[in-house]
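Because the structure is a prediction, the values reported are computed rather than measured. Note on naming: letters A, B, ... go to the chains in the order of the sequence lines (proteins, then strands), and numbering restarts at 1 for each one.
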Number of protein chains: 2
Amino acid sequence: MPDRLSAQMAFLVEAEKLKTVCRAGRIIDGSRRENSAEHSWHLALYALTLADQAGPGVDINRVLRMLILHDLVEIDVGDVPIHSANGQAHGSAEVQAAEAAAADRIFGLLPAGLAAEFRALWDEFEAAETPDAVFAKSLDRVQPVMLNLANDGGTWPEFNVTYDQLESRVGHKVARGAPALWDWVRVRARAWFAGQE
Amino acid sequence: MPDRLSAQMAFLVEAEKLKTVCRAGRIIDGSRRENSAEHSWHLALYALTLADQAGPGVDINRVLRMLILHDLVEIDVGDVPIHSANGQAHGSAEVQAAEAAAADRIFGLLPAGLAAEFRALWDEFEAAETPDAVFAKSLDRVQPVMLNLANDGGTWPEFNVTYDQLESRVGHKVARGAPALWDWVRVRARAWFAGQE
(Lines give C-alpha, C1' and ligand atoms only; values in the text may rest on other atoms or scores of the structure.)
Protein backbone atom coordinates (compact mmCIF):
# COMPACT_ATOMS: atom_id res chain seq x y z
CA MET A 1 0.00 0.00 0.00
CA PRO A 2 1.37 3.45 -0.87
CA ASP A 3 1.24 6.07 1.88
CA ARG A 4 -1.69 8.50 1.75
CA LEU A 5 0.01 11.36 -0.10
CA SER A 6 1.64 8.99 -2.61
CA ALA A 7 -1.79 7.52 -3.39
CA GLN A 8 -3.24 11.01 -3.90
CA MET A 9 -0.39 11.96 -6.24
CA ALA A 10 -0.72 8.69 -8.20
CA PHE A 11 -4.39 9.53 -8.76
CA LEU A 12 -3.51 13.04 -10.00
CA VAL A 13 -0.91 11.63 -12.41
CA GLU A 14 -3.42 9.10 -13.75
CA ALA A 15 -6.12 11.78 -14.08
CA GLU A 16 -3.79 13.71 -16.38
CA LYS A 17 -4.72 11.21 -19.11
CA LEU A 18 -8.12 12.92 -19.45
CA LYS A 19 -6.26 15.55 -21.51
CA THR A 20 -5.80 12.90 -24.21
CA VAL A 21 -9.48 11.91 -24.46
CA CYS A 22 -11.01 13.42 -27.57
CA ARG A 23 -14.63 14.56 -27.78
CA ALA A 24 -16.71 14.93 -30.94
CA GLY A 25 -17.14 18.71 -30.83
CA ARG A 26 -14.58 21.23 -31.97
CA ILE A 27 -13.18 24.12 -29.91
CA ILE A 28 -14.32 27.60 -30.80
CA ASP A 29 -11.83 28.34 -33.57
CA GLY A 30 -12.60 24.99 -35.23
CA SER A 31 -8.91 24.05 -35.21
CA ARG A 32 -9.25 20.72 -33.39
CA ARG A 33 -11.61 18.55 -31.37
CA GLU A 34 -12.13 19.39 -27.70
CA ASN A 35 -10.62 17.14 -25.05
CA SER A 36 -12.48 16.02 -21.95
CA ALA A 37 -10.19 17.84 -19.48
CA GLU A 38 -10.68 21.30 -20.99
CA HIS A 39 -14.41 20.49 -21.42
CA SER A 40 -14.55 19.79 -17.67
CA TRP A 41 -12.90 23.14 -16.91
CA HIS A 42 -15.33 24.95 -19.17
CA LEU A 43 -18.27 23.31 -17.39
CA ALA A 44 -16.91 24.39 -14.01
CA LEU A 45 -16.79 27.94 -15.36
CA TYR A 46 -20.37 27.53 -16.64
CA ALA A 47 -21.44 26.54 -13.12
CA LEU A 48 -19.75 29.59 -11.55
CA THR A 49 -21.12 31.96 -14.19
CA LEU A 50 -24.66 30.57 -14.44
CA ALA A 51 -25.25 29.84 -10.76
CA ASP A 52 -28.32 32.11 -10.89
CA GLN A 53 -29.92 29.71 -13.40
CA ALA A 54 -29.95 26.90 -10.82
CA GLY A 55 -33.18 25.96 -9.09
CA PRO A 56 -33.79 26.29 -5.35
CA GLY A 57 -31.68 24.05 -3.14
CA VAL A 58 -28.80 23.69 -5.60
CA ASP A 59 -25.36 23.85 -3.93
CA ILE A 60 -22.92 25.20 -6.53
CA ASN A 61 -19.95 23.88 -4.56
CA ARG A 62 -21.22 20.33 -4.99
CA VAL A 63 -22.06 21.00 -8.66
CA LEU A 64 -18.46 22.16 -9.20
CA ARG A 65 -17.12 18.96 -7.66
CA MET A 66 -19.34 16.78 -9.83
CA LEU A 67 -18.30 18.61 -13.00
CA ILE A 68 -14.59 18.39 -12.18
CA LEU A 69 -14.89 14.63 -11.61
CA HIS A 70 -17.64 13.61 -14.03
CA ASP A 71 -15.56 12.59 -17.07
CA LEU A 72 -12.62 10.81 -15.41
CA VAL A 73 -14.11 7.43 -16.35
CA GLU A 74 -13.48 8.36 -19.99
CA ILE A 75 -9.78 7.66 -19.40
CA ASP A 76 -10.73 4.00 -19.76
CA VAL A 77 -13.93 4.19 -21.82
CA GLY A 78 -13.43 7.20 -24.09
CA ASP A 79 -16.08 9.77 -24.87
CA VAL A 80 -19.37 8.45 -26.27
CA PRO A 81 -20.94 11.27 -28.31
CA ILE A 82 -24.58 11.94 -27.47
CA HIS A 83 -25.64 11.78 -31.13
CA SER A 84 -23.53 8.75 -32.12
CA ALA A 85 -25.21 5.47 -33.17
CA ASN A 86 -28.38 7.45 -33.85
CA GLY A 87 -28.45 8.57 -30.21
CA GLN A 88 -28.48 4.99 -28.85
CA ALA A 89 -24.89 4.46 -27.67
CA HIS A 90 -24.59 7.08 -24.94
CA GLY A 91 -26.76 5.59 -22.22
CA SER A 92 -26.47 1.93 -23.21
CA ALA A 93 -26.10 -0.74 -20.52
CA GLU A 94 -22.75 -1.73 -22.04
CA VAL A 95 -21.30 1.80 -21.74
CA GLN A 96 -22.70 2.19 -18.24
CA ALA A 97 -21.07 -1.05 -17.08
CA ALA A 98 -17.73 -0.06 -18.60
CA GLU A 99 -17.91 3.35 -16.91
CA ALA A 100 -18.68 1.79 -13.54
CA ALA A 101 -15.64 -0.48 -13.88
CA ALA A 102 -13.53 2.55 -14.80
CA ALA A 103 -14.78 4.40 -11.73
CA ASP A 104 -13.80 1.41 -9.57
CA ARG A 105 -10.29 1.44 -10.97
CA ILE A 106 -9.62 5.19 -11.12
CA PHE A 107 -11.20 6.32 -7.83
CA GLY A 108 -9.71 3.14 -6.32
CA LEU A 109 -6.25 4.69 -6.66
CA LEU A 110 -7.16 7.11 -3.86
CA PRO A 111 -7.09 6.59 -0.08
CA ALA A 112 -10.36 4.89 0.94
CA GLY A 113 -12.18 7.92 2.36
CA LEU A 114 -11.48 10.14 -0.64
CA ALA A 115 -12.26 7.31 -3.04
CA ALA A 116 -15.68 6.86 -1.45
CA GLU A 117 -16.36 10.61 -1.45
CA PHE A 118 -15.49 11.06 -5.15
CA ARG A 119 -17.31 7.88 -6.16
CA ALA A 120 -20.47 9.02 -4.37
CA LEU A 121 -20.36 12.35 -6.23
CA TRP A 122 -19.89 10.57 -9.55
CA ASP A 123 -22.73 8.11 -8.82
CA GLU A 124 -24.99 11.02 -7.88
CA PHE A 125 -24.14 12.86 -11.10
CA GLU A 126 -24.79 9.77 -13.20
CA ALA A 127 -28.14 9.09 -11.51
CA ALA A 128 -29.26 12.66 -12.31
CA GLU A 129 -31.92 12.72 -9.59
CA THR A 130 -30.80 15.25 -6.97
CA PRO A 131 -31.15 18.99 -7.72
CA ASP A 132 -27.33 19.35 -7.79
CA ALA A 133 -26.92 16.52 -10.30
CA VAL A 134 -29.80 17.69 -12.48
CA PHE A 135 -28.27 21.16 -12.74
CA ALA A 136 -24.78 19.75 -13.40
CA LYS A 137 -26.23 17.57 -16.20
CA SER A 138 -27.95 20.61 -17.73
CA LEU A 139 -24.59 22.34 -18.06
CA ASP A 140 -22.90 19.20 -19.43
CA ARG A 141 -25.59 19.04 -22.13
CA VAL A 142 -25.74 22.71 -23.05
CA GLN A 143 -22.04 23.45 -23.51
CA PRO A 144 -21.64 21.23 -26.61
CA VAL A 145 -24.66 22.98 -28.15
CA MET A 146 -22.84 26.29 -27.69
CA LEU A 147 -19.72 24.83 -29.35
CA ASN A 148 -21.79 23.60 -32.30
CA LEU A 149 -23.44 27.01 -32.67
CA ALA A 150 -19.98 28.60 -32.78
CA ASN A 151 -18.86 26.08 -35.43
CA ASP A 152 -21.69 26.31 -37.97
CA GLY A 153 -23.52 23.29 -36.58
CA GLY A 154 -20.39 21.35 -35.64
CA THR A 155 -21.31 17.72 -34.94
CA TRP A 156 -24.97 18.07 -36.04
CA PRO A 157 -24.41 17.65 -39.79
CA GLU A 158 -21.76 15.01 -39.02
CA PHE A 159 -24.32 12.87 -37.13
CA ASN A 160 -27.34 13.94 -39.26
CA VAL A 161 -29.09 15.46 -36.26
CA THR A 162 -32.48 17.14 -36.71
CA TYR A 163 -33.86 19.90 -34.53
CA ASP A 164 -36.41 17.48 -33.04
CA GLN A 165 -33.63 15.04 -32.12
CA LEU A 166 -31.71 17.87 -30.47
CA GLU A 167 -34.82 18.73 -28.43
CA SER A 168 -35.43 15.13 -27.34
CA ARG A 169 -31.81 14.10 -26.69
CA VAL A 170 -30.45 17.35 -25.28
CA GLY A 171 -33.00 20.14 -24.84
CA HIS A 172 -35.22 18.12 -22.55
CA LYS A 173 -32.31 17.51 -20.16
CA VAL A 174 -31.04 21.08 -20.22
CA ALA A 175 -34.55 22.39 -19.56
CA ARG A 176 -34.98 20.04 -16.62
CA GLY A 177 -32.22 21.77 -14.62
CA ALA A 178 -32.09 25.21 -16.24
CA PRO A 179 -35.29 26.05 -18.15
CA ALA A 180 -34.52 29.72 -18.86
CA LEU A 181 -31.08 28.74 -20.15
CA TRP A 182 -32.60 26.29 -22.62
CA ASP A 183 -35.09 28.95 -23.74
CA TRP A 184 -32.13 31.22 -24.53
CA VAL A 185 -30.17 28.52 -26.39
CA ARG A 186 -33.18 26.97 -28.15
CA VAL A 187 -33.93 30.16 -30.09
CA ARG A 188 -30.40 30.16 -31.46
CA ALA A 189 -30.36 26.42 -32.22
CA ARG A 190 -33.72 26.60 -33.99
CA ALA A 191 -32.45 29.46 -36.12
CA TRP A 192 -29.42 27.39 -37.17
CA PHE A 193 -31.55 24.37 -38.15
CA ALA A 194 -34.06 26.60 -39.95
CA GLY A 195 -31.16 27.98 -42.00
CA GLN A 196 -30.38 24.47 -43.26
CA GLU A 197 -33.81 23.81 -44.78
CA MET B 1 -26.25 46.63 -23.12
CA PRO B 2 -26.96 42.91 -23.56
CA ASP B 3 -29.47 41.38 -21.13
CA ARG B 4 -27.99 39.57 -18.13
CA LEU B 5 -28.04 36.02 -19.54
CA SER B 6 -26.67 37.15 -22.92
CA ALA B 7 -23.76 38.83 -21.11
CA GLN B 8 -23.06 35.65 -19.14
CA MET B 9 -23.10 33.55 -22.32
CA ALA B 10 -20.84 36.02 -24.16
CA PHE B 11 -18.32 35.67 -21.32
CA LEU B 12 -18.47 31.85 -21.54
CA VAL B 13 -17.91 31.96 -25.31
CA GLU B 14 -14.94 34.31 -24.89
CA ALA B 15 -13.50 32.13 -22.09
CA GLU B 16 -13.42 29.22 -24.53
CA LYS B 17 -10.32 30.81 -26.06
CA LEU B 18 -8.29 29.68 -23.04
CA LYS B 19 -8.22 26.25 -24.75
CA THR B 20 -5.96 27.77 -27.41
CA VAL B 21 -3.40 29.23 -24.98
CA CYS B 22 -0.28 27.07 -24.97
CA ARG B 23 1.88 26.53 -21.88
CA ALA B 24 5.54 25.51 -21.83
CA GLY B 25 5.10 22.09 -20.22
CA ARG B 26 4.02 18.96 -22.03
CA ILE B 27 1.11 16.69 -21.09
CA ILE B 28 1.92 13.37 -19.55
CA ASP B 29 2.46 11.38 -22.75
CA GLY B 30 4.79 14.07 -24.09
CA SER B 31 2.71 14.36 -27.28
CA ARG B 32 2.03 18.10 -27.10
CA ARG B 33 2.22 21.17 -24.87
CA GLU B 34 -0.47 21.65 -22.24
CA ASN B 35 -3.08 24.35 -22.72
CA SER B 36 -4.23 26.70 -19.97
CA ALA B 37 -7.83 25.41 -19.87
CA GLU B 38 -6.91 21.78 -19.17
CA HIS B 39 -4.20 23.01 -16.75
CA SER B 40 -6.93 24.89 -14.85
CA TRP B 41 -9.06 21.74 -14.68
CA HIS B 42 -6.12 19.73 -13.40
CA LEU B 43 -5.48 22.31 -10.67
CA ALA B 44 -9.12 22.17 -9.58
CA LEU B 45 -8.71 18.39 -9.26
CA TYR B 46 -5.49 18.96 -7.28
CA ALA B 47 -7.44 21.18 -4.86
CA LEU B 48 -10.17 18.57 -4.36
CA THR B 49 -7.67 15.74 -3.96
CA LEU B 50 -5.11 17.52 -1.77
CA ALA B 51 -7.52 19.47 0.44
CA ASP B 52 -5.95 17.83 3.49
CA GLN B 53 -2.62 19.53 2.63
CA ALA B 54 -4.16 22.98 3.13
CA GLY B 55 -3.42 24.93 6.28
CA PRO B 56 -6.04 25.92 8.86
CA GLY B 57 -8.67 28.37 7.67
CA VAL B 58 -8.41 27.46 3.98
CA ASP B 59 -11.81 27.27 2.27
CA ILE B 60 -11.47 24.79 -0.61
CA ASN B 61 -14.58 26.16 -2.30
CA ARG B 62 -12.90 29.54 -2.68
CA VAL B 63 -9.63 27.88 -3.77
CA LEU B 64 -11.57 26.03 -6.51
CA ARG B 65 -13.06 29.30 -7.76
CA MET B 66 -9.66 31.00 -7.87
CA LEU B 67 -8.12 28.11 -9.80
CA ILE B 68 -10.96 27.97 -12.33
CA LEU B 69 -10.60 31.71 -12.99
CA HIS B 70 -6.89 32.33 -12.47
CA ASP B 71 -5.61 31.96 -16.04
CA LEU B 72 -8.38 33.69 -18.03
CA VAL B 73 -6.20 36.78 -18.46
CA GLU B 74 -3.89 34.63 -20.60
CA ILE B 75 -6.47 34.88 -23.40
CA ASP B 76 -5.00 38.34 -24.02
CA VAL B 77 -1.51 38.01 -22.57
CA GLY B 78 -0.53 34.39 -23.21
CA ASP B 79 1.27 32.17 -20.72
CA VAL B 80 4.55 33.49 -19.34
CA PRO B 81 6.63 30.45 -18.29
CA ILE B 82 8.07 30.70 -14.79
CA HIS B 83 11.59 29.83 -15.96
CA SER B 84 11.59 32.01 -19.10
CA ALA B 85 13.96 35.01 -19.41
CA ASN B 86 16.07 33.47 -16.65
CA GLY B 87 13.10 33.61 -14.27
CA GLN B 88 12.64 37.38 -14.68
CA ALA B 89 9.63 37.67 -17.01
CA HIS B 90 6.89 36.04 -14.97
CA GLY B 91 6.31 38.66 -12.27
CA SER B 92 7.50 41.71 -14.21
CA ALA B 93 5.60 44.99 -13.91
CA GLU B 94 4.93 44.88 -17.66
CA VAL B 95 3.27 41.46 -17.51
CA GLN B 96 1.30 42.44 -14.42
CA ALA B 97 -0.06 45.58 -16.10
CA ALA B 98 -1.04 43.62 -19.21
CA GLU B 99 -2.81 41.01 -17.09
CA ALA B 100 -4.73 43.68 -15.18
CA ALA B 101 -5.92 45.20 -18.46
CA ALA B 102 -6.96 41.72 -19.64
CA ALA B 103 -8.91 41.20 -16.41
CA ASP B 104 -10.70 44.52 -17.00
CA ARG B 105 -11.72 43.46 -20.47
CA ILE B 106 -12.62 39.81 -19.88
CA PHE B 107 -14.43 40.06 -16.52
CA GLY B 108 -15.98 43.27 -17.89
CA LEU B 109 -18.05 41.15 -20.28
CA LEU B 110 -20.10 39.95 -17.30
CA PRO B 111 -23.00 41.64 -15.51
CA ALA B 112 -21.55 44.07 -12.95
CA GLY B 113 -22.07 42.00 -9.79
CA LEU B 114 -20.51 38.86 -11.23
CA ALA B 115 -17.69 40.86 -12.81
CA ALA B 116 -16.79 42.35 -9.42
CA GLU B 117 -16.99 38.96 -7.70
CA PHE B 118 -14.71 37.21 -10.22
CA ARG B 119 -12.30 40.14 -10.36
CA ALA B 120 -11.98 40.18 -6.56
CA LEU B 121 -11.15 36.46 -6.58
CA TRP B 122 -8.54 36.96 -9.30
CA ASP B 123 -6.99 39.96 -7.48
CA GLU B 124 -6.86 37.92 -4.27
CA PHE B 125 -5.16 35.03 -6.07
CA GLU B 126 -2.60 37.34 -7.66
CA ALA B 127 -1.80 39.07 -4.36
CA ALA B 128 -1.07 35.66 -2.76
CA GLU B 129 -1.63 36.91 0.77
CA THR B 130 -4.76 35.20 2.12
CA PRO B 131 -4.57 31.54 3.18
CA ASP B 132 -6.87 30.56 0.29
CA ALA B 133 -4.70 32.32 -2.31
CA VAL B 134 -1.45 31.00 -0.83
CA PHE B 135 -2.75 27.43 -1.06
CA ALA B 136 -4.09 27.97 -4.59
CA LYS B 137 -0.68 29.33 -5.65
CA SER B 138 1.06 26.30 -4.15
CA LEU B 139 -0.98 24.03 -6.40
CA ASP B 140 -0.42 26.24 -9.45
CA ARG B 141 3.33 25.96 -8.85
CA VAL B 142 3.55 22.26 -8.04
CA GLN B 143 1.54 20.81 -10.96
CA PRO B 144 4.10 21.84 -13.63
CA VAL B 145 6.83 20.19 -11.53
CA MET B 146 4.84 16.97 -11.66
CA LEU B 147 4.51 17.28 -15.46
CA ASN B 148 8.24 17.82 -15.80
CA LEU B 149 8.98 14.80 -13.61
CA ALA B 150 6.71 12.70 -15.86
CA ASN B 151 8.53 14.03 -18.97
CA ASP B 152 12.18 13.46 -18.03
CA GLY B 153 12.70 17.03 -16.84
CA GLY B 154 10.38 18.61 -19.40
CA THR B 155 10.99 22.37 -19.48
CA TRP B 156 13.98 22.27 -17.09
CA PRO B 157 16.66 21.37 -19.64
CA GLU B 158 14.91 23.66 -22.16
CA PHE B 159 15.31 26.68 -19.84
CA ASN B 160 18.63 25.48 -18.28
CA VAL B 161 17.08 25.32 -14.83
CA THR B 162 19.19 24.18 -11.87
CA TYR B 163 17.87 22.52 -8.74
CA ASP B 164 18.65 25.66 -6.74
CA GLN B 165 16.64 27.78 -9.19
CA LEU B 166 13.72 25.36 -8.89
CA GLU B 167 13.87 25.73 -5.10
CA SER B 168 13.98 29.53 -5.19
CA ARG B 169 11.46 30.13 -8.01
CA VAL B 170 9.01 27.32 -7.26
CA GLY B 171 9.75 25.28 -4.15
CA HIS B 172 9.62 28.26 -1.83
CA LYS B 173 6.10 29.13 -3.03
CA VAL B 174 4.80 25.56 -2.91
CA ALA B 175 6.17 25.12 0.61
CA ARG B 176 4.52 28.32 1.76
CA GLY B 177 1.02 26.90 1.23
CA ALA B 178 1.65 23.16 1.36
CA PRO B 179 4.93 22.28 3.13
CA ALA B 180 4.42 18.49 3.30
CA LEU B 181 3.52 18.44 -0.38
CA TRP B 182 6.75 20.18 -1.32
CA ASP B 183 8.70 17.74 0.87
CA TRP B 184 7.17 14.90 -1.13
CA VAL B 185 7.87 16.49 -4.51
CA ARG B 186 11.33 17.87 -3.60
CA VAL B 187 12.77 14.39 -3.01
CA ARG B 188 11.72 13.37 -6.52
CA ALA B 189 12.89 16.61 -8.16
CA ARG B 190 16.26 16.42 -6.42
CA ALA B 191 16.70 12.85 -7.62
CA TRP B 192 16.04 13.94 -11.23
CA PHE B 193 18.57 16.79 -11.06
CA ALA B 194 21.14 14.54 -9.34
CA GLY B 195 20.78 12.11 -12.26
CA GLN B 196 21.86 14.87 -14.69
CA GLU B 197 25.24 15.55 -13.05
Side-chain angles (χ1 to χ4, degrees), chain A residues 3-9 11-20 27-29 31-32 34-53 60-62 64-65 67-69 71-72 110-111 113-114 117-118 121 143 146-147 149-150 180-181 183-185 188, chain B residues 3-9 11-20 27-29 31-32 34-53 60-62 64-65 67-69 71-72 110-111 113-114 117-118 121 143 146-147 149-150 180-181 183-185 188:
Chain A
D3 65 273
R4 178 176 172 84
L5 182 51
S6 296
Q8 288 161 298
M9 297 308 276
F11 169 79
L12 288 168
V13 168
E14 179 68 19
E16 162 92 22
K17 294 180 185 165
L18 196 60
K19 300 171 190 171
T20 68
I27 63 168
I28 198 163
D29 65 358
S31 61
R32 60 171 174 80
E34 191 187 33
N35 73 60
S36 295
E38 62 196 2
H39 163 74
S40 299
W41 165 78
H42 208 182
L43 291 185
L45 190 64
Y46 266 67
L48 283 187
T49 305
L50 298 173
D52 62 350
Q53 296 290 322
I60 292 296
N61 294 320
R62 297 188 76 249
L64 281 178
R65 284 164 166 70
L67 292 172
I68 291 163
L69 299 171
D71 269 349
L72 283 169
L110 288 163
L114 260 183
E117 182 190 329
F118 287 7
L121 282 164
Q143 185 259 6
M146 292 296 293
L147 289 203
L149 285 172
L181 178 61
D183 285 343
W184 189 94
V185 175
R188 287 144 180 95
Chain B
D3 65 274
R4 178 176 172 86
L5 182 51
S6 295
Q8 289 161 297
M9 297 309 275
F11 168 79
L12 288 168
V13 168
E14 179 67 18
E16 162 90 24
K17 294 180 185 166
L18 196 60
K19 299 172 190 171
T20 67
I27 63 168
I28 198 163
D29 64 359
S31 61
R32 61 171 174 80
E34 190 186 36
N35 72 61
S36 294
E38 61 196 1
H39 163 73
S40 298
W41 165 77
H42 208 180
L43 290 185
L45 190 65
Y46 266 67
L48 283 187
T49 305
L50 298 172
D52 62 350
Q53 296 291 321
I60 292 297
N61 294 320
R62 296 188 77 251
L64 281 178
R65 283 163 166 72
L67 292 172
I68 292 162
L69 299 171
D71 268 348
L72 283 168
L110 288 162
L114 260 184
E117 181 189 329
F118 286 9
L121 282 164
Q143 185 258 5
M146 292 296 292
L147 289 204
L149 285 172
L181 178 61
D183 285 343
W184 189 94
V185 175
R188 286 144 181 95

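Neither the backbone nor the side chain of B/S36 comes within contact range of chain A; no heavy atom of the residue lies under 4.5 Å from a heavy atom of that chain. Using a 4.5 Å cut-off between heavy atoms, B/L64 contacts chain A through its side chain alone, with no backbone atom that close. Interface residue A/L72: only side-chain heavy atoms are found under 4.5 Å from chain B. In this structure, chain A has heavy atoms under 4.5 Å from both the backbone and the side chain of B/I27. With a 4.5 Å cut-off on non-hydrogen atoms, B/L147 touches chain A through its side chain but not through its backbone. For A/S6, the parts lying under 4.5 angstrom from a heavy atom of chain B are both the backbone and the side chain. Contacts between B/Y46 and chain A at a heavy-atom distance below 4.5 Å involve backbone atoms as well as side-chain atoms. Using a 4.5 Å cut-off between heavy atoms, B/R62 makes no contact with chain A at all. Looking at B/A15, both its backbone and its side chain come within 4.5 Å of chain A, counting heavy atoms on both sides. Only the side chain of B/L69 comes within contact range of chain A, judged by heavy atoms closer than 4.5 Å. Using a 4.5 Å cut-off between heavy atoms, B/E117 does not touch chain A at all.
Shortest non-hydrogen contact noted between A/I68 and B/W41 is O-NE1, 2.9 Å. The minimum heavy-atom distance between A/D52 and A/T49, with the atom names listed, is OD1-O, 4.3 Å.
Counting only heavy atoms from C-beta outward, the side chains of B/Q53 and A/L5 approach each other to under 4.5 Å. Using a 4.5 Å cut-off on side-chain heavy atoms (C-beta onward), B/L43 and B/D71 make no contact.
The candidate from B/H39, B/M9, B/K17, B/M146 with the greatest count of non-hydrogen atom pairs under 4.5 Å with chain A is B/M9. Taking chain A as the reference chain and counting heavy-atom pairs below 4.5 Å, the highest number among B/R65, B/Q8, B/K19 is found for B/K19. Heavy-atom pairs under 4.5 Å with chain B peak, among A/L50, A/L114, A/I60, A/D29, at A/L50.
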